[in-house]
Amino acid sequence: MEFKLMPGGAIAGEVRVPGDKSISHRCIMLGALAEGTTRVSGFLEGADALATVAAFREMGVQIEGPDNGKVIIHGVGMWGLKAPRAALDLGNSGTSIRLLSGLLAGQLFDTELTGDTSLRGRPMGRVIDPLSLMGADIQGQEGGRPPLKIAGGRPLRGIHYDLPMASAQVKSCVLLAGLYSEGRTSITEPAATRDHTERMLRGFGYEVISDNGVISLAGGGGLLATNIDVPADISSAAFFLVAASIAPGSDLLLTHVGINPTRTGVLNILRLMGADITIRNEREVGGEPVADIRVRYAPLKGIEIPEEQVPLAIDEFPILFIAAACAEGRTVLRGAKELRVKESDRIAAMAEGLDTIGVVNEVLDDGIVIEGGTLGGGVIHTHHDHRIAMSFAIAALRAEREISILDCDHVATSFPGFDALARGLGLQISTLAD
Ligand code: S3P
């Protein structure tokens, strides 16, 4: 699938973007292990979350839906999963493989976890290391890449783990293994990362203590089914926050967006750049803060992105680079090496695309420098990365010529229907089948 974009346009209207990817994964995992029936609404029907659904079905969990965002999970209890018949294929999803490796390390049966070409190139040593310390038997391929082979029936023990990198996936992996471990498991992080696992465990009645930067839980407890309303994903909303900010004449209302403070770096960074963003109707839904966000066009200026914002906006940098390209002056990002091990090397992939459309940039080991200016056009390669594809689609609003984006199938991993929704709001996008 290919996107073709005519230059120019403005963004207007009101929209609820699809459900949060991180929360959608977690409600399947915890719902499956709970006692009782968990009902979910607002579930993300994207390929990544569906890979998690398929994995749990394969392990004997009855899951109804998704149907219009509604999912019903018939929990089997902490020890009710069954051995899958074959390797679990988690597609493109880093969250699935890393969280599942923790959860499966504590089971009585063996499993093998694999994925697509992109996932098979991503580092898993970051989960193999702490799980091995806990007593798990987990082996990767050369360089700690998937497929991962996990031998069941190994008793796990709680550990204290100082996370070497700011990663919610690794934190969550260790916490999920901690559920099956003897004693307490505790974690410190170099910087706060998304805390959806901790919040949702509490929602399922499991005690998780967060005290002075130390997150801990005791193994051996159980989960009680609950109902979950998944907020719209701020990472998907981010494309339209930038779209409306860069396109003159835009005025957009994004409704029911998750504004968990561990995810709002994109709002903080855009505001520092001069964006006109208003938060309304703040409320709490199922333990997660949610709000409506109004964004209107405003001229942006280049900034030095504060490093403490990096983990809070980690998935939003591709689209923030487009904001930087449209801003007046220079934007500098540092301390963002993690971008190199996402669905693609996002620093390299974005720099290549920015070069194509004539935006001056300098790649750093752990970031990038972008000079705001005029955007041309050209042909973009996504490197199989959904967020690279959507970012350059939004860039067309300020481009002088047509932009073609090759290989856009992966957009459906996190944002099914992006093209139709974007067209409805004013982007001049057409989709071509291969
Ligand atoms: C996620 C954590 C982040 C993020 C990913 C989803 C999660 O990854 O990039 O899209 O759901 O825990 P890291 O924890 O590896 O930074």
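Since we're looking at a predicted model, the values are computed, not measured. This chain uses plain numbering: 1 for the first residue, then up along the sequence. Each ligand, and each atom within it, is numbered from 1 in the order the structure gives.
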Side-chain donor-acceptor contact under 3.5 Å, H196 with S22: no
Distance-only polar pair, side chains of H381 and D407, donor-acceptor under 3.5 Å: no
Proximal atoms of ligand 1 relative to A168 (non-hydrogen, under 4.0 Å): 12 (O), 14 (O)
Derivation and outcome, salt bridge (charged side-chain N to carboxylate O under 4.0 Å, His left out), residues K171 and E189: CA-CA 8 Å; K171 171 177 66 175; E189 337 182 60; 3.5 Å; yes
Atom 10 (O) of ligand 1: nearest protein contact (heavy atom, Å): D315 OD2, 2.7 Å
Salt bridge (charged side-chain N to carboxylate O under 4.0 Å, His left out) partner of D315, chosen from R194, R263, K21: R194
Pair R280-D292, salt bridge (charged side-chain N to carboxylate O under 4.0 Å, His left out): steps then yes or no: CA-CA 5 Å; R280 305 169 163 187; D292 301 332; over 6 Å; no
Heavy-atom check, side chain of T193 versus side chain of L312, under 4.5 Å: no
Contact with ligand 1 for T95, non-hydrogen, under 4.0 angstrom: yes
Geometric N/O contact E338 with ligand 1, under 3.5 angstrom: no
Heteroatom proximity flag, S22 to ligand 1, N/O under 3.5 Å: yes
Min N/O separation S172 to ligand 1 under 3.5 Å: no
Contact with ligand 1 for K21, non-hydrogen, under 4.0 angstrom: yes
Modelled atom types, side-chain donor and acceptor of T197 and R26, under 3.5 Å: yes
Residue part near ligand 1, for K171, under 4.0 Å between non-hydrogen atoms: neither
Side-chain donor-acceptor pair present, E343, S118, cut-off under 3.5 Å: no
Within-cut-off N or O pair, L99 and ligand 1, under 3.5 Å: no
Residue, atom name and distance, where the atom is the protein heavy atom closest to atom 12 (O) of ligand 1: R26 NH2, 2.7 Å
Heavy atom of K342, distance to ligand 1 below 4.0 Å: yes
